[in-house]
Amino acid sequence: METAWIKEYRFTPATAVDFTAEDMLVAECLAAAAQGDCSAYFDLGVAYSTGSHGVGCDLIEAHKWFNLAAVAGHEEAAACRCEVADEMTAREIAEAQRRAREWLSASMRKAA
């Protein structure tokens, strides 16, 4: 469940410059996700599920991004979504699904 940018920063000591770079990686993933990039969805799911790259651990957001990646055809995303869901309540899963639908609706409005 690792991506190239997760591996790249895992073993390096954190500095102020690294945090800026990490913030930029999430910002770049968000920009790519806005364009429908399923790898970016997946990378955001990894970041939120592990609390890495400048974001805190947020299983609702992780589930949302893994769900979007799975729907877009990412091969590993459905399994990761299931792993995250095992640690969530039904209410949290419902919130994650609502956020994913909201993201898709907003994306469709932009495309129209």
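Numbers here simply count residues along the sequence, with the first being 1. Side-chain atoms are counted along with the backbone in the values below, which use heavy atoms only and exclude waters and symmetry mates.
Shown here for Ala70 and Arg81, the closest heavy-atom pair between the two residues is CB-NH1, 3.6 Å. Contact between Ser49 and Ala62 at its shortest, heavy atoms only, is N-CB, 3.6 Å. What you find for Cys38 and Ala69 is that their closest heavy atoms are O-CB, 3.8 Å. Across all their heavy atoms, Tyr41 and Gly36 have their closest contact at OH-CA, 3.4 Å.
Take Glu92 and apply the side chain to side chain contact (heavy atoms under 4.5 Å, CB included) test, not counting sequence neighbours, and it matches Ile60, Met88, Thr89.
Within the model, atoms CG of Asp37 and CG of Asp43 stand 8.0 Å from one another, a figure rounded to the nearest 0.5 Å. Atoms CG and NZ, from Leu44 and Lys64 in turn, are 8.5 Å apart once rounded to the nearest 0.5 Å.
A heavy-atom distance below 4.5 Å is found between the side chains of Val46 and Phe66. Inter-residue side-chain proximity for His63 and Gln97 is flagged as met; some heavy-atom pair is nearer than 4.5 Å. Looking at heavy atoms from C-beta onward, Trp103 lies in side-chain contact with Trp65 at the 4.5 angstrom threshold.
Clustering ILVMFWY residues whenever any of their side-chain heavy atoms sit less than 4.5 angstrom apart, transitively, puts Val84 in a cluster other than the one holding Val71.
At a threshold of 4.0 Å, the pair Arg91-Glu95 does not count as salt-bridged, since none of the basic side-chain nitrogens sits closer than that to a carboxylate oxygen.
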